[in-house]
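If you're wondering where the values come from, they're calculated on a predicted model, not measured in any experiment. Reckoned from all heavy atoms, side chains included, excluding hydrogens, waters and symmetry mates.
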Amino acid sequence: PAFTRYYFREFYARLRTPAVLVFDNYHEIPATSLLHGAIEQAAQEAPEGTSLIVISREDSPPEFSRLDALDRLARIEWNDLKLTLEEATAIAALRFELDAPTLRSLYEVSKGWAAGLTLALERMKRSEADAAHIQGEALESVFNYFAGQIFKNAEPEMREFLMRSALLQRMTADMASQLTGNANAGKLLDGFYRRRLFTDRRGGEPYSYQYHDLFRAFLLDQLAQTQGTEKLNELREQAGGLLQETQRYDEAFALYQSAKNWQSIVKVALTQ
């Protein structure tokens, strides 16, 4: 601690203010790392006119609680960063001219996620795709992003859980557990939510979890590529049954239709 204080005092003395010190991808640092304490001290020693920015998918570590208590910690959350349609329009205008319906479609599917919108726009610019290809050409770069950022380093068990649970547009931990056979579904979903891995959580316990539309589309694409037709339809039928039990008949109907399970479709149609 003494060395850390001395180091940052010397470091700050060499900066011209106003100055900003940025730590990117902070979520990659293990929870047990001593660096969290060092960064807390760095924030304590920061002179007037010098700010620290920590960019992370996770909430601040316990070591930052003193900064919180001293009101020296401000948070910029996802909802603060989410693009408005006007902002998305301005970003698109910097690249190429795009008609309003196509832009709105891109905005709705990206749900204000800046990186997703930018990746899709760049792909459209290179391939000269139109609105009819938004789900194909324009989103290929987004899928590559997910593959590289999340899937590449995930354990096989986690990849399997993500792909299977994506069959449910919204799910509780119990529903995800029944569909995937993973008893740790609640812990996994809560971890995805806390790590900001394109997972939203709503309501009170039991919480309802939902993947970002683009992330869910990627996961379903991966599921279709890795499962045989028979197994894929079996999973769709199982997910449809869970949705039917919770009276989400429209979603169940769509899954039965994908699985070509006409008997279940007729049953849902006649009873509803």
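Taking the six-membered ring where tryptophan is involved, the planes of Phe198 and Phe215 are tilted, since the angle between them lies from 30° to 60°. Under the 30°/60° scheme for interplanar angles, the aromatic rings of Phe8 and Phe11 are found to stand perpendicular. The aromatic rings of Phe192 and Phe161 sit tilted relative to each other, their planes meeting at an angle between 30° and 60°.
Considering CZ of Arg236 and CG of Leu220, their distance stands at 8.5 Å, rounded to 0.5 Å. Within the model, atoms OH of Tyr145 and CZ of Phe151 stand 15.0 Å from one another, a figure rounded to the nearest 0.5 Å. To the nearest 0.5 Å, atoms OG1 (Thr180) and CD (Gln238) are separated by 9.0 Å.
In Glu77, the CD atom is crowded: over 12 heavy atoms of neighbouring residues, nucleotides or ligands sit closer than 6.0 Å.
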Criterion side chain to side chain donor-acceptor pair (under 3.5 Å) on Gln44 and Glu40, from CA distance to verdict:
CA-CA 6 Å; Gln44 291 279 11; Glu40 188 271 341; 3.0 Å; yes
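Annotation: side chain of Arg202 is not in contact with side chain of Tyr207 (no heavy-atom distance under 4.5 Å). Side chains of Asp213 and Lys111 form a contact here, defined as non-hydrogen atoms less than 4.5 Å apart. For the pair Asn182 and Arg164, the minimum side-chain heavy-atom distance is 4.5 Å or more.
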Could you go through residues 263-270 and list every donor-acceptor pair under 3.5 Å that involves a side-chain atom there, pairing it with any protein atom two or more places apart or in another chain?
unit_1	atom_1	unit_2	atom_2	d
Ser264	OG	Asn261	OD1	3.2
Ser264	OG	Asn261	ND2	3.1

Atom pairs and distances, donor-acceptor, side-chain atoms in residues 14-35, under 3.5 Å, two or more places apart:
unit_1	atom_1	unit_2	atom_2	d
Tyr26	OH	His36	ND1	2.9
His27	ND1	Arg57	N	3.2
Ser33	OG	Leu35	N	3.1

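Leu117 and Leu94 are not part of a single hydrophobic cluster, where members link through side-chain heavy atoms under 4.5 Å apart.
The two residues Leu219 and Ala166 come nearest to each other via the heavy atoms CB-CB, 3.6 Å.
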